[in-house]
Amino acid sequence: MVFAAPGEALTRAEELLGADPSPLHASVAHQVIGIWQRDFGDTRRALAHLRRARDLAARAESAEREADVLATLGVALVHAGRTRAGLAAFERGVARGSGHTRARVLFRRAYVWWVLGRHGEALEDVRRAIPVLRQADDVIWTARALTLRATVHLALGSVERADADFTAAEALWDTTGQEHDKADAVESRGLAAFRSGDVPAALRLLDEAAERYAKLGTPTFMLTIRRCEVLMAAGLATEALAEADAAVAALDGIGGQSTRKAELLLVAARAARLAGEPQTALARAAVAVRLFAGQRRTWYETHARLVLIEARVATGHGSGRLVADAAAVAERLAAFGAPAAPEASLLAGRIALDLGWTADAERHLAVAARSRHGGPPLARMTGWAAQALRARAAGSARGVLEACRRGLDVLDDHRMTLGASELRARATAQGAELAALAQRASLVSGGPRRLLGWSERWRATVLSAPPTRPPADPVLLTAMTAFRELAARAEEARTDGGRPAPALEREQRRLEREIRSRTLHMRGEAPGDGDRFDVGRLLRRLGDEVRLVELAVLDGRVHVLLCGQGRVRRFEAGLLAEAEVEAEHVQAGLRRLAHPGAEARLPLVEAAGARLERLLLGPAAAHLGSGPVVVVPPGRLHRVPWALLPALRERVLSVSPSASSWLRARDTAPPPGGRQVLVRGPGLASGGAEVPELSDRYAGRRTPSEGGTGAPPPGARAGSGTAGPGATVVLEGGDARVPRVLRELDGAALAHIAAHGTFRADSPLFSSLRMADGPLIVHDFERLDRSPYRIILPCCDTARFASVGADELLGLVTALLPLGTAGVVACTAPVNDAAVVPLMLALHKGLDAGLSLAEALRDARAALPGDAVHQATGWAFSAFGAA
């Protein structure tokens with residue numbers, strides 16, 4: 001009962017002790033309390049109760065009872081870090097027990113061997129226990145033993161054997177009422193899914209296990225460890241670090257198991273290293289090494305030493321001693337049969353290469369490269385990274401490029417199994433080293449065309465295919481509706497009283513976590529992306545007039561790849577770090593110019609724009625010709641107001657996350673019918689003043705707004721029941737509600753959405769546009785069958801993005817581009833609301849005349865008054881895509 005209903009078991013055990021039981025029954029009660037404290041409470045109290053249970057069993061002269069208690073005591077001692085005493089208790093338990101009881105003792109000792117990382121001994125003990133447990137028809141303990149054996153197989157990389165045991169155990173659990181063990185089985189299947197490379201399934205199963213544990217009221221430290229491993233594989237290292245640190249604090253708060261604390265610290269160290277926090281990784285790993293050593297857990301200690309060496313290298317401490325240390329760790333991991341062994345060999349080889357020790361590097365890298373032909377995707381990528389470094393050391397640019405191509409192909413296949421655009425974006429970070437190696441090799445040997453090809457190979461890859469459509473999940477739909485209502489109420493409370501509403505905001509954050517969690521569970525629909533970038537096709541589409549400027553960053557310096565007139569030319573510009581600083585100065589200047597009275601800053605902002613041009617375009621600025629220009633910046637420069645650069649100021653200018661994205665936008669056909677949608681959200685300082693004028697301009701094509709909210713019935717898909725072809729729909733006031741807005745936007749030719757924009761740097765896919773009933777978020781747009789062909793977003797912050805992964809962008813604009821939108825006009829800086837109105841009216845005038853978004857925006861800027869506020873407003877807007 002202590003696992004099936006722990007709270008009830010604890011209560012009944014305490015009641016039994018209060019009724020003056022016999023020594024035999026008192027031994028059982030103290031053992032139950034000891035188990036509860038060991039797994040869910042204070043380890044010191046657990047040891048006191050279990051020693052009392054052992055003494056009472058001896059008084060009762062029951063050898064079987066004493067053996068059983070000794071096994072429980074042995075587990076508690078090992079979890080408390082007292083490994084020698086714990087193993088001694090097991091020796092006595094095995095000697096005292098017989099038959100069925102001894103099999104249970106052997107199973108628990110097998111568990112302890114697994115905790116200690118001694119997998120051979122674990123498999124031997126569980127091999128001896130399972131036949132006896134089966135013969136005794138002990139369903140619960142047989143299922144536990146099968147689950148344990150499967151977990152050991154996973155630690156050794158034997159996924160198929162693990163699956164077979166998990167399946168057999170789950171069939172047994174279905175015949176019992178052991179809810180804790182059933183939750184453990186779900187958790188174990190999540191671990192198996194992760195080891196086989198299925199990250200969405202792993203997250204889904206671990207979240208299901210967490211819900212089951214929560215109903216039982218049991219702590220979930222082991223689950224946290226496994227979830228953090230999956231989060232790291234999904235590119236969510238910062239979240240993994242926060243979860244692991246929170247779990248360590250909670251464990252310390254209850255005086256919990258020392259073994260779990262060490263494991264959590266190891267996970268936290270790995271997460272910190274992946275999150276770019278090497279000093280934090282050093283601190284966590286050093287404590288983990290010390291704890292594991294004291295617990296005699298060599299398997300885990302060796303893994304912690306690997307992270308410790310990686311963190312030292314990340315802080316710039318490469319040395320011959322670290323080569324030797326990494327090589328020793330690799331040997332020990334290989335002897336254990338640990339899947340992390342190639343990672344350690346790669347580390348040793350990488351350090352040796354940096355020191356110029358080519359012979360040593362080749363030896364270690366050759367070992368690591370063996371993993372490229374089998375195993376989970378990330379292990380194969382480790383092997384291909386090692387192979388690429390071997391080729392670089394041998395001076396073979398062709399070998400480097402081939403290894404990088406093969407490694408990134410593995411990443412592409414893995415990435416496309418992920419349904420959520422956020423996971424796809426973050427997963428690309430795992431290919432950053434391969435992409436950088438390929439870029440350097442192509443720069444040396446292949447010329448500008450090859451460098452362009454490799455720059456595109458890893459730039460904005462998430463936009464290469466539409467995200468998986470969220471499922472028609474009633475729980476998800478309900479959560480999104482509730483989130484919207486709460487967000488609207490919280491905003492209303494802040495507006496009315498000027499104070500935040502903590503209870504509403506807490507519930508809003510909970511719903512955000514639920515929505516995001518269910519979104520991350522989605523699997524990808526496509527096995528891979530076969531649409532490879534073709535430089536020749538790009539040059540043909542550009543023709544002789546259009547220039548595409550792609551900015552590639554190698555070793556911190558900007559390289560300008562100027563495409564057009566049938567060729568690609570390369571120019572060196574400035575340092576990326578200096579350009580980022582200058583871009584921040586420009587942003588600050590534009591923020592000031594959004595308010596009257598800051599005219600004196602206009603020359604300063606213009607001078608900063610000239611400096612940005614030198615840093616970002618360099619000598620390429622003199623070779624842009626006179627035609628349209630497409631700028632493809634790296635993710636870290638997404639906030640540059642490109643129209644401010646002198647060489648681009650008077651041009652037809654558009655921005656694209658990648659050349660591939662521009663090509664897809666160029667080839668995207670507008671939808672038949674040409675329906676236009678004008679939306680005006682609440683609370684705008686200008687009142688969305690351009691919308692009534694645009695409504696009057698399009699009056700001949702306008703469809704009268706329906707009464708009421710126009711919301712589809714629950715569960716209905718956005719997109720049904722829209723206005724007819726060629727019509728213009730105006731949504732404002734109570735009609736500007738999210739369900740109705742989505743329904744009209746789906747498949748529209750043009751959408752103009754005047755609404756407050758909010759960018760969420762902490763969670764970019766919750767960036768939103770404010771509607772009458774609450775926020776319209778990026779997750780909502782991803783439910784559209786086809787987003788509008790052209791979208792105009794006249795309010796602040798609509799063109800802000802989070803740069804994640806290798807060179808990916810998450811935000812409102814980048815969510816729209818893969819969904820059928822070919823062009824977006826949006827704002828990269830705060831703007832003056834009143835000055836936006838004439839800009840928007842002039843922009844629509846150009847569109848009416850048949851111009852593209854970029855052409856119309858250029859002419860609209862030129863038509864603005866010449867004062868500082870209007871100039872700054874024009875510079876703050878950019879045209880994205882090619883429509």
Side-chain angles (χ1 to χ4, degrees), residues 397-409 411-412 416 428 431 434-465 526 528-554 558-573 617 619-620 623-634 651-669 806-807 817-818 822-823 852 854 880-883:
R398 176 180 292 182
V400 171
L401 295 175
E402 174 62 14
C404 291
R405 181 185 67 78
R406 297 285 295 274
L408 290 175
D409 283 348
L411 178 59
D412 280 346
M416 295 306 291
T428 59
L434 287 169
L437 284 169
Q439 284 184 302
R440 292 190 194 102
S442 60
L443 180 64
V444 171
S445 66
R449 276 193 175 224
R450 180 172 286 176
L451 179 56
L452 175 64
W454 278 101
S455 178
E456 281 293 301
R457 183 68 175 81
W458 72 316
R459 182 190 295 271
T461 58
V462 169
L463 306 184
S464 63
D529 177 25
D531 184 17
R532 295 297 187 200
F533 175 70
D534 181 348
V535 176
R537 176 169 167 254
L538 172 67
L539 294 174
R540 288 190 298 273
R541 296 294 279 139
L542 290 172
D544 291 334
E545 296 299 319
V546 183
R547 300 288 186 274
L548 184 140
V549 178
E550 179 147 332
L551 305 183
V553 179
L554 280 79
V558 178
H559 293 255
V560 182
L561 299 171
L562 181 59
C563 310
Q565 293 183 311
R567 59 178 175 159
V568 181
R569 289 179 285 172
R570 182 179 67 86
F571 301 87
E572 281 196 20
L617 299 182
H623 300 272
L624 295 177
S626 59
V629 173
V630 181
V631 177
V632 179
R651 292 180 181 275
V652 175
L653 171 67
S654 58
V655 181
S656 181
S658 67
S660 302
S661 178
W662 181 82
L663 279 171
R664 281 190 299 277
R666 189 69 180 267
D667 292 340
T668 300
D807 200 24
L817 292 176
S852 69
F880 297 86

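All values derive from a computational prediction rather than experimental measurement.
Residues that satisfy the side-chain hydrogen bond (donor to acceptor under 3.5 Å, both in side chains) test with Asp409, not counting sequence neighbours, are Arg405, Arg457, Arg532. Taking the side-chain hydrogen bond (donor to acceptor under 3.5 Å, both in side chains) definition, one finds that Gln565 meets it with Arg547, sequence neighbours left out. Residues passing the side-chain contact (heavy atoms from CB on, under 4.5 Å) test with Ala822, sequence neighbours excluded: Ala665, Thr668, Tyr789, Ala883. Listed by chain and number, the residues in a side-chain hydrogen bond (donor to acceptor under 3.5 Å, both in side chains) with Gln439 amount to none (sequence neighbours excluded). Residues that satisfy the salt bridge (charged side-chain N to carboxylate O under 4.0 Å, His left out) test with Arg567, not counting sequence neighbours, are absent from this structure. Annotation: side-chain hydrogen bond (donor to acceptor under 3.5 Å, both in side chains) contacts of Arg440 (sequence neighbours excluded): Asp555. With sequence neighbours left out, Arg450 forms a side-chain contact (heavy atoms from CB on, under 4.5 Å) with Leu401, Ser442, Ser445, Trp454. Arg449 is linked by a salt bridge (charged side-chain N to carboxylate O under 4.0 Å, His left out) to nothing, counting only residues two or more places apart in sequence or in another chain.
Leu624 and Leu562 make their closest contact through CD2-CD1, 3.8 Å (heavy atoms, listed as atom of the first residue, atom of the second, distance). Closest non-hydrogen pair, Pro448 versus Leu561, comes out as O-CD2, 4.1 Å. Across all their heavy atoms, Ser661 and Leu817 have their closest contact at OG-CD1, 4.1 Å. Here the closest non-hydrogen pair linking Val560 and Ala620 is CG1-CB, 3.6 Å. Between Glu550 and Ala659, the closest heavy-atom pair is OE1-CB, 3.6 Å. The shortest heavy-atom contact between Cys563 and Leu538 is SG-CD2, 4.3 Å.
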> Would Leu551 and Val632 count as a side-chain contact (heavy atoms from CB on, under 4.5 Å) if you check the C-alpha gap in whole Å, the side-chain angles of each, and the deciding distance to 0.1 Å?
Replying inline: CA-CA 6 Å; Leu551 305 183; Val632 179; over 6 Å; no
Exercise for review: Test side-chain contact (heavy atoms from CB on, under 4.5 Å) on Phe571 and Val549 and set out the steps.
Suggested key: CA-CA 10 Å; Phe571 301 87; Val549 178; over 6 Å; no
| task | Verify side-chain contact (heavy atoms from CB on, under 4.5 Å) between Arg570 and Leu443, making sure each step is shown before the conclusion. | result | CA-CA 10 Å; Arg570 182 179 67 86; Leu443 180 64; 3.4 Å; yes
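Remark: Glu402 does not engage Arg398 in a salt bridge, criterion side-chain N to carboxylate O under 4.0 Å.
With rounding to the nearest 0.5 Å, the separation of CZ in Arg666 from OG in Ser656 is 12.0 Å.
Within the 4.5 Å cutoff, side-chain heavy atoms of Arg541 are placed close to those of Asp667. In this structure the side chain of Leu411 never reaches within 4.5 angstrom of the side chain of Leu434, judged on heavy atoms. Contact of the Ser658 side chain with the Glu456 side chain is registered, since non-hydrogen atoms from C-beta on lie closer than 4.5 Å.
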